[in-house]
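What follows is a single structure, written as structure tokens, with notes after it.
Computed from a predicted model, the values in this text were never measured in an experiment. Letters go in sequence order (proteins before strands), and every chain restarts at 1.
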Number of protein chains: 2
Amino acid sequence: MKKLSIVDIANELKVSKTTVSFILNGRAKEKRIGEDLVERVTKYVEEVGYKPNSLAKSLRTGKSNTIGLMVEDISNPFFASIARLIEDRAYKNGYKIIYCSTDNDTQKTKELINMFRDRHVDGYIIAPPEGIEDDVEQLLKDGLPVVMFDRHLPKVNTDYVEIDNLFSTYNATRHLIQQGYKNIAFVTFASSQTQMMARVQGYKDALKESRFTPVVKEIVFNQDEEMIIKPMTAFFKKHKDLDAVVFGTNHVGTCGLKIFSTLGVKVPDDMAVISFDDYDVFKLYSPPVTAIAQPVDEIADNVITVLLKKLNTKGVSTASHSIILKTNLQIRGSSSGLKD
Amino acid sequence: MKKLSIVDIANELKVSKTTVSFILNGRAKEKRIGEDLVERVTKYVEEVGYKPNSLAKSLRTGKSNTIGLMVEDISNPFFASIARLIEDRAYKNGYKIIYCSTDNDTQKTKELINMFRDRHVDGYIIAPPEGIEDDVEQLLKDGLPVVMFDRHLPKVNTDYVEIDNLFSTYNATRHLIQQGYKNIAFVTFASSQTQMMARVQGYKDALKESRFTPVVKEIVFNQDEEMIIKPMTAFFKKHKDLDAVVFGTNHVGTCGLKIFSTLGVKVPDDMAVISFDDYDVFKLYSPPVTAIAQPVDEIADNVITVLLKKLNTKGVSTASHSIILKTNLQIRGSSSGLKD
DNA sequence: ATATAAAAATAAATCGATTAAGCTACTTTG
DNA sequence: CAAAGTAGCTTAATCGATTTATTTTTATAT
């Protein structure tokens, strides 16, 4: 018993496939097809469990009911959570997700965009690396909806959902200063993406306000964690005077904790720590680590809402919107209890 | 400038699209097409950056160059890592991944399988919930390659990649016993999937061997973590005599640590802990928590290798293979240094 | 009774590829 | 020199849907 096609249905019912197609696409009324026929076709289709071949459908209509999701790295808890939430809402709205990890690699991302185009995805959700401005511009020019998140491309006028990065680190750093810390470093991955620039700036602003000198260490990202640990270890060994550090991402923060553990640096007694992105590692550390929690649900929610809206108002180019969400500084004391 | 089709190429070069197609598919020699023409076409295609429409291609050939990946929950670090590794190797081999989270929900999984079929994915990678035996059977009957991992369906004869679950918990439990612990519980999510049954059994075997009585607590899974914490807290409050616990998954282990933190139970002084699945939370806990590390890379590697092999030997039904990998008990002492 | 409009259904083109089968012109061969 | 072979392309069918244009049937008005 091979797969049924619309022709099989039409033949079996002695009607034309056109009729079947109209009925199946809810255009029966519009095309004034007799109620009894509609009934008969609907029933039979239900009975034999016929499903239209979506490839053929996509080929003809140009719509694939698929959304392309490009994150930095799907194995990063932050992106994994967002992907999960987006996935759920996409499926509920009849869309499937094709995802991929860009690794912040411009060339790879360009190829992936081409791959997505090739597969005729209806919409794009991208946490963009730099250097893909032209490609995104082209997508927009071709009328394809694009929503960015976590960061955006300043030169490209498109919708994006972000958090208030600058205020987040500013606020976190001020928190440390108010607690009496005086030698506060900012450690993060080397990146000139918008979110990271803002995070560094927020830190610097806070220090400037109190007339401290900023100490920023940028680590070059590497798949191999050893290559992150090494330079960071060297940095901390060199700057013995530090009494606090703000980490720019969960990953770099986690590496930092590993290093402190190895070096026997006590957190927060020897070194106060605040990391961007909150997750179990920080919550369970003892004592738990203060973290800048991103509103993951809200981010995912906004991203998919904006995209779905664009998908449904095809052609009508609504002015692009940028949504900036607030983060939540999860202050965790030196008590061993979980505050969260 | 809209997208070029093969007809555009053919017209422009004044050849038939058949010729272009043959050349593009590397069948020029076979179809004895003149070298100069091949040259001319290749060059022009390169020049204008023509890419065949993959939907049309898939419709005609029946191949979509897509692999469907169904995990329990993409936001779980274990599955996220595996997904990431599989993704990488799939892309390298010209395959794209469509993924989804099953939530171990039978009905949802059935629908997702249908969705995948509908999209003509070439191969399936599934961490299967129970109850989808018939659906998988049908896939196999229709000649579609399926590889399972993390667990398998005993009634279905298909390839799968797993770890030695029984020995893993047996070994971990014995380790605790040898350390002198006498009241060891096993806490996990309620599940009758193969991997979980084996994990429980391994624990029981070890206890039986030493004539201890097993204490197994099965928590009903819930999206809302509160609903996991609550019954588990009740369990630990009730069993004050426990001095050690083996957790069946990373998620349940993490919840356990949160509870101990709340209750002020010191790990491992008041309660020794070993959890299945290793990740940063366990490594960074102080003192770090002993964990049963799954060979994530190997699992992903084997899964994709087996699947690619099946995809390349289409039709030739090779006997199905089961691959059982070894886990690694990461023993972490009470020293504060990272052993890992 | 006939022209006209409305209702109901269909034929055929199309989306963009692949591929079996066929055609033409030239070269071999007996 | 005619028959057979082969090199080099092309024609047309096909995959499975959607959709435009068209036809057939029935109802209504004149």
Side-chain angles (χ1 to χ4, degrees), chain A residues 2-42 44-45 48-66 117-122 142 314, chain B residues 2-42 44-45 48-66 117-122 142 314:
Chain A
K2 63 158 176 263
K3 200 117 187 282
L4 292 165
S5 84
I6 196 170
V7 183
D8 300 324
I9 305 291
N11 287 341
E12 186 60 37
L13 293 174
K14 308 256 187 255
V15 293
S16 83
K17 55 179 180 164
T18 308
T19 309
V20 177
S21 176
F22 283 147
I23 294 175
L24 258 40
N25 288 298
R27 303 177 62 190
K29 279 267 141 50
E30 172 196 346
K31 294 290 174 180
R32 23 171 176 255
I33 293 175
E35 285 187 25
D36 41 348
L37 219 197
V38 173
E39 166 82 19
R40 208 153 58 88
V41 171
T42 314
Y44 183 72
V45 163
V48 298
Y50 162 75
K51 299 262 186 198
N53 179 323
S54 55
L55 286 177
K57 194 165 183 161
S58 296
L59 177 59
R60 185 66 235 262
T61 61
K63 316 231 82 243
S64 65
N65 270 28
T66 307
R117 286 212 70 148
D118 191 54
R119 308 224 118 213
H120 289 209
V121 306
D122 296 335
D142 296 342
K314 198 56 171 287
Chain B
K2 62 157 177 264
K3 198 115 187 286
L4 292 166
S5 84
I6 197 170
V7 183
D8 301 323
I9 305 290
N11 288 341
E12 186 62 36
L13 293 175
K14 310 256 187 255
V15 293
S16 81
K17 55 179 181 163
T18 305
T19 308
V20 177
S21 176
F22 283 147
I23 293 175
L24 259 39
N25 287 297
R27 303 177 61 190
K29 280 267 142 50
E30 172 196 345
K31 293 292 173 180
R32 27 173 176 248
I33 292 174
E35 285 187 24
D36 42 348
L37 218 197
V38 172
E39 167 83 20
R40 208 153 59 88
V41 171
T42 314
Y44 183 72
V45 163
V48 298
Y50 161 75
K51 298 263 187 198
N53 179 323
S54 56
L55 286 176
K57 194 165 182 159
S58 296
L59 177 59
R60 185 64 236 262
T61 61
K63 315 235 82 242
S64 65
N65 270 27
T66 307
R117 286 213 70 150
D118 192 54
R119 309 224 114 215
H120 286 154
V121 306
D122 296 334
D142 295 343
K314 198 56 171 286

(message) Within the structure provided, determine whether A:T18 and A:K31 are in side-chain contact (heavy-atom separation under 4.5 Å).
(response) no

(request) Can you figure out which of C:dC15, C:dT19, C:dT18 approaches the side chain of B:F22 most closely? (result) C:dT19

(message) Is any side-chain heavy atom of A:L24 closer than 4.5 Å to one of A:Y50?
(response) yes

(request) Please determine, for the side chain of B:R32, which listed nucleotide (D:dA7, C:dA17, D:dA17) has the closest atom? (result) D:dA7

(message) Measure NZ/B:K57 against P/D:dG16 and give the value in whole Å, please.
(response) 18 Å

(message) Using OP1 and OP2 only, check whether a side-chain N or O of A:N53 sits under 4.0 Å from D:dC15.
(response) no

(request) Please tell me which of the listed nucleotides, C:dT18, D:dA17, C:dT19, lies nearest to the side chain of B:R27? (result) C:dT19

(message) Quick check for you: among D:dC9, C:dT18, D:dT19, whose closest atom lies nearest to any side-chain atom of A:R60?
(response) D:dT19

(message) Check this one for me: any side-chain N or O of A:T19 less than 4.0 Å away from OP1 or OP2 of C:dT10?
(response) yes

(request) Mind calculating the distance between CD (A:E30) and P (C:dA9) to the nearest angstrom? (result) 15 Å

(message) For B:L55, is there any backbone N or O sitting under 3.5 Å from a side-chain donor or acceptor partner on B:N53?
(response) yes

(message) Taking any heavy-atom pair under 4.0 Å as a contact, classify A:V15: base, sugar-phosphate, or nothing.
(response) sugar-phosphate

(message) Please find the pair of heavy atoms, one from B:S64 and one from B:D122, that lie closest to each other, and give the distance.
(response) N-OD1, 2.9 Å

(message) Counting only side-chain heavy atoms from C-beta out, which of D:dC15, C:dT18, C:dA9 sits nearest to A:I33?
(response) C:dA9

(request) Calculate the interatomic distance between A:L59 atom CG and C:dT14 atom P; express it in whole Å. (result) 14 Å

(request) Determine whether A:R119 and B:N65 make a side-chain contact, defined as any pair of heavy atoms from C-beta on separated by less than 4.5 Å. (result) yes

(request) Whole angstrom is fine here: how far is it from CG in A:N25 over to C1' in C:dA9? (result) 16 Å

(request) Indicate whether OP1 or OP2 belonging to D:dT10 is found under 4.0 Å from a side-chain N or O atom of B:S16. (result) yes

(request) Please state how far atom CD1 in A:I6 lies from atom P in D:dT14, giving the value in whole angstrom units. (result) 18 Å

(request) Mind checking A:L55 for me? I need base, sugar-phosphate or nothing, with any heavy atom below 4.0 Å counting as a touch. (result) nothing

(message) Quick check on C:dA17: is either OP1 or OP2 less than 4.0 Å from any side-chain nitrogen or oxygen of B:Y50?
(response) yes

(message) Atom CD of residue position A:E35 - does it have more than 12 heavy atoms of other residues, nucleotides or ligands inside 6.0 Å?
(response) no

(request) Kindly point out which of C:dA17, D:dG16, D:dT18 is positioned nearest to the side chain of A:A56? (result) D:dG16

(message) Quick check for you: among D:dT18, C:dA9, C:dA17, whose closest atom lies nearest to any side-chain atom of B:K17?
(response) C:dA17

(message) Can you tell me if A:S21 touches the phosphate of D:dT18, counting only side-chain N or O atoms and a distance under 4.0 Å to OP1 or OP2?
(response) yes

(request) Give one of base, sugar-phosphate or nothing for B:T18, where a contact means two heavy atoms less than 4.0 Å apart. (result) base

(request) Nearest whole angstrom, please: distance from the C1' of D:dA17 to the CZ of B:R119. (result) 14 Å

(message) What is the separation between atom CD1 on B:I23 and atom P on D:dC9, rounded to the nearest whole Å?
(response) 8 Å

(message) Expressed as a whole number of angstroms, how long is the span from A:L24:CG to D:dA17:P?
(response) 9 Å

(message) Judged by each residue's nearest nucleotide on DNA chain D, which is more toward the 5′ side, B:K14 or A:K31?
(response) B:K14

